[in-house]
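As the structure is a prediction and not an experimental result, all values here were calculated from the model.
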Amino acid sequence: MGTDNSSLFGSLFDAPPLKRVVPVLVPLPVPVPYSYAVPEGMHVEPGSVVQVPVGPRQLIGVVWDGESQDGLDPKKLRPITLAFDCPPLSKEMRDFVDWVAAYTLSPPGLVARMAVRAPAALDPEPMVEAVRYVGGQPERLTPARVRVLDIVKAEDIPWTRSGLAHAAGVSMSVIDGLTAQGVFETVFLPPPPVVAKPEPDYTAPRIEGVQKEAAAEIVASIREGGFSASLIDGVTGSGKTEVYFEAIAETLRRGKQVLILLPEIALTPAFLERFQDRFGAKPGEWHSDLSPRMREKVWRGVVTGEVRVVAGARSALFLPFEELGLIIVDEEHDPAYKQEDRVFYNARDMAVVRGRIGDFPVVLVSATPSVESQVNGLSGRYNLVQLPTRFGDAALPDLHLIDMRRHAPERGGFLSPLLLRAMGRTLERKEQSLLFLNRRGYAPLTLCRVCGHRFQCPQCSSWLVEHRFKSQLQCHQCGYHQHTPEHCPDCGTFDHLVACGPGVERIAEEVEKHFPDARTIVMSSDILGGVKRMRLELEAIANGEADIVIGTQLVAKGHNFPLMTLVGIVDADLGLANGDPRAAERTFQLLSQVTGRAGRTGLKSHGLLQTYQPMHPVMQAIVSGDASAFYEREINEREKAILPPFGRLASIIISAETRADAETHARGLRAAAPRVTGISVLGPAEAPLALVRGRHRFRLLVHGRRNSDMQAFLRVMLDAGPKQRGSVQVQLDVDPQSFL
DNA sequence: AGCACGCCGACT
DNA sequence: GTCGGCGTGCTC
């Protein structure tokens with residue numbers, strides 16, 4: 001008896017069961033799992049989702065593999081609070097989390113958290129209460145009761161109370177009354193599926209010729225089984241979607257789940273309907289403005305395997321599928337695949353990794369592949385599938401450059417006479433024009449005509465953009481804004497401000513001057529009324545309720561406007577000289593997308609690009625429709641100096657008071673990492689970034705010959721000391737070849 | 001990531 | 001005299 005006795009004999013004879021200790025990844029920025037005691041009677045295994053105490057809080061964690069940390073007193077470990085009733089994360093998923101954490105230098109717990117982000121979904125959905133007819137008659141038959149009984153006799157299935165009441169046209173109390181009489185029994189049904197199961201052969205594929213061959217090629221790689229990476233490179237309207245739908249169909253036939261990744265902006269009702277037309281049901285959706293309830297249902301459906309296909313934005317990559325068998329990355333070049341906070345990753349590349357680890361195919365899709373993917377396609381690392389022609393009646397628009405040095409706009413204007421004439425003809429044909437200018441507001445720079453004062457953001461020193469509709473000067477970097485002043489703050493002169501350069505609002509003004517009777521609409525992200533209004537406007541445009549649309553990026557993606565037969569690019573050179581090493585690539589992608597908005601219904605369509613650099617490779621690639629020379633040049637450029645081989649590049653954000661400080665910092669980092677081949681600094685003027693507490697944020701581009709050199713460099717930087725760690729953020733931006 | 005602790009400026 | 005700013009440190 002007593003403690004003496006048990007300590008004397010306990011270890012030899014009647015030892016209390018050894019407290020089991022397991023490692024648990026907690027959602028904290030710590031490098032290792034924490035250790036927890038498993039309470040008696042609780043079952044956990046690697047992958048189990050649990051709730052654990054951390055300090056004063058209860059957090060959701062995941063039981064991990066390996067030994068728990070040593071050097072901790074097992075008796076002092078706190079117990080796991082509870083284990084959720086949901087399937088554990090698979091070994092594949094755990095390996096994926098570990099891989100991503102190691103590759104992106106992120107705390108594994110923060111990566112794991114992305115996989116279990118629907119806390120309320122961790123317990124099963126409650127059963128649904130229903131009634132079932134057991135026979136017999138109630139004591140008194142009323143007309144309402146007769147109607148109910150007719151229905152259940154005709155269809156002897158369990159009915160939900162509200163469903164039956166609705167079908168019979170009676171109130172719920174009628175049903176409850178019959179239940180009380182013993183005519184119905186109460187049964188519990190599993191909750192209804194969140195989405196119906198898509199059927200691979202719901203309708204026949206609408207593909208022919210080249211599309212058919214391409215589909216056959218990808219389907220073959222799926223049948224073969226195992227990992228493969230393919231790149232579908234197909235011009236806008238070439239039937240890329242139909243081709244990868246066949247890959248999805250084949251995966252569904254083989255009983256595996258499918259993930260379709262899309263940039264958030266491309267995840268439209270139109271896309272979901274297109275999927276439904278082919279497969280008879282919508283895919284599960286996963287994006288940032290999903291309701292919490294829906295998020296839980298989809299998450300649950302994904303882990304249990306009930307949801308067979310998910311269409312989602314980048315975060316969907318971390319959903320713990322029960323048996324994932326295919327990932328499609330549509331618009332693979334889109335920068336929205338990069339997450340640039342907390343865990344820095346590119347979902348496109350991590351998708352390839354997930355396929356590699358899970359041993360299933362990954363298909364990247366784009367009309368304008370990223371240079372990295374293009375290299376992987378050309379080198380054979382990825383299976384390159386090209387769709388060079390448009391499908392069906394969709395003709396490529398006829399594209400021409402307008403050399404602005406020869407066809408200058410009239411004084412004070414920005415639209416060339418050639419473009420204005422084309423717009424006039426389009427109006428006469430009662431077709432639509434789109435003018436694209438990737439700049440919000442009225443004018444990007446305002447100055448005082450008398451003293452030359454330039455309006456600059458007091459917080460981050462970039463130019464203030466005039467927004468005339470709102471009478472504001474806005475900083476597009478940090479969000480600072482002020483009412484447009486009437487006096488110059490420097491010399492006090494009244495009404496002497498002059499706007500420099502165009503924004504969409506100013507173009508709208510010019511258009512209204514030339515075409516006062518046309519219905520003109522400006523589409524930009526600062527449209528009042530939010531997403532809902534935006535959707536309505538886009539729909540109205542598609543229905544032909546506008547003649548001239550003037551828009552930023554926003555109109556470039558996703559939406560189809562059947563009557564749009566003229567696309568004018570106001571300043572095709574914009575963005576070419578902003579210091580971003582990917583400027584040419586981005587411009588090419590954006591211009592391709594915008595010009596691709598036209599000509600999708602067989603109407604003859606045109607694209608006119610205003611440029612001061614008609615010989616620039618981007619312009620030549622766009623008008624010739626042949627991008628191969630452009631890609632070749634971009635690849636060479638990266639090989640040479642700017643971004644040594646294909647994105648073995650780290651982009652790091654640091655904050656400093658002046659550019660000189662940032663450059664000194666960069667030199668220090670360079671000295672600490674001799675194997676890194678170059679560090680360049682992009683400051684607010686070239687690649688504007690937000691300002692943090694009186695300090696400007698700069699982006700360091702660090703290039704290395706080998707991925708491992710980059711990793712070593714970043715480790716050095718992270719270990720540089722707590723003073724730096726606070727102000728230095730790391731983003732890895734590396735190409736997928738090192739995955740394979 | 002949160003949350004506490006701890007040390008110096010402007011105020012009810 | 002305090003209230004409160006955010007730098008630093010800790011969580012099994």
Whole angstroms only, please: what is the [atom1]-[atom2] distance between [X] and [N]?
X       : N      : atom1 : atom2 : value
A:Trp64 : C:dC12 : CH2   : C1'   : 17 Å
A:Leu28 : C:dC12 : CG    : C1'   : 10 Å
A:Arg57 : C:dT11 : CZ    : P     : 13 Å
A:Gln58 : C:dC12 : CD    : C1'   : 13 Å
A:Leu59 : B:dG2  : CG    : P     : 8 Å
A:Lys76 : C:dT11 : NZ    : P     : 12 Å
A:Tyr34 : B:dA1  : OH    : C1'   : 11 Å

Assign [X] to base, sugar-phosphate, or nothing according to its heavy-atom contacts below 4.0 angstrom with the strands shown.
X        : result
A:Pro56  : nothing
A:Pro27  : nothing
A:Arg113 : nothing
A:Leu77  : sugar-phosphate

Between A:Ser366 and A:Glu331: side-chain donor-acceptor atoms closer than 3.5 Å
no
Classify the side-chain pair A:Ser370/A:Glu332 by whether it contains a donor and acceptor separated by less than 3.5 Å.
yes
To the side chain of A:Gln69, which of C:dT11, B:dA1, C:dC12 is closest?
C:dC12
Using the six-membered ring wherever Trp is involved, compare the ring planes of A:Tyr34 and A:Tyr36 and label them parallel, tilted or perpendicular (cut-offs 30° and 60°).
tilted
Please table the atom pairs, donor to acceptor, closer than 3.5 Å between any side-chain atom in residues 45-52 of chain A and protein atoms at least two apart or in another chain.
from: A:Ser48; atom 1: OG; to: A:Glu45; atom 2: N; distance (Å): 2.9
from: A:Ser48; atom 1: OG; to: A:Glu45; atom 2: O; distance (Å): 2.9

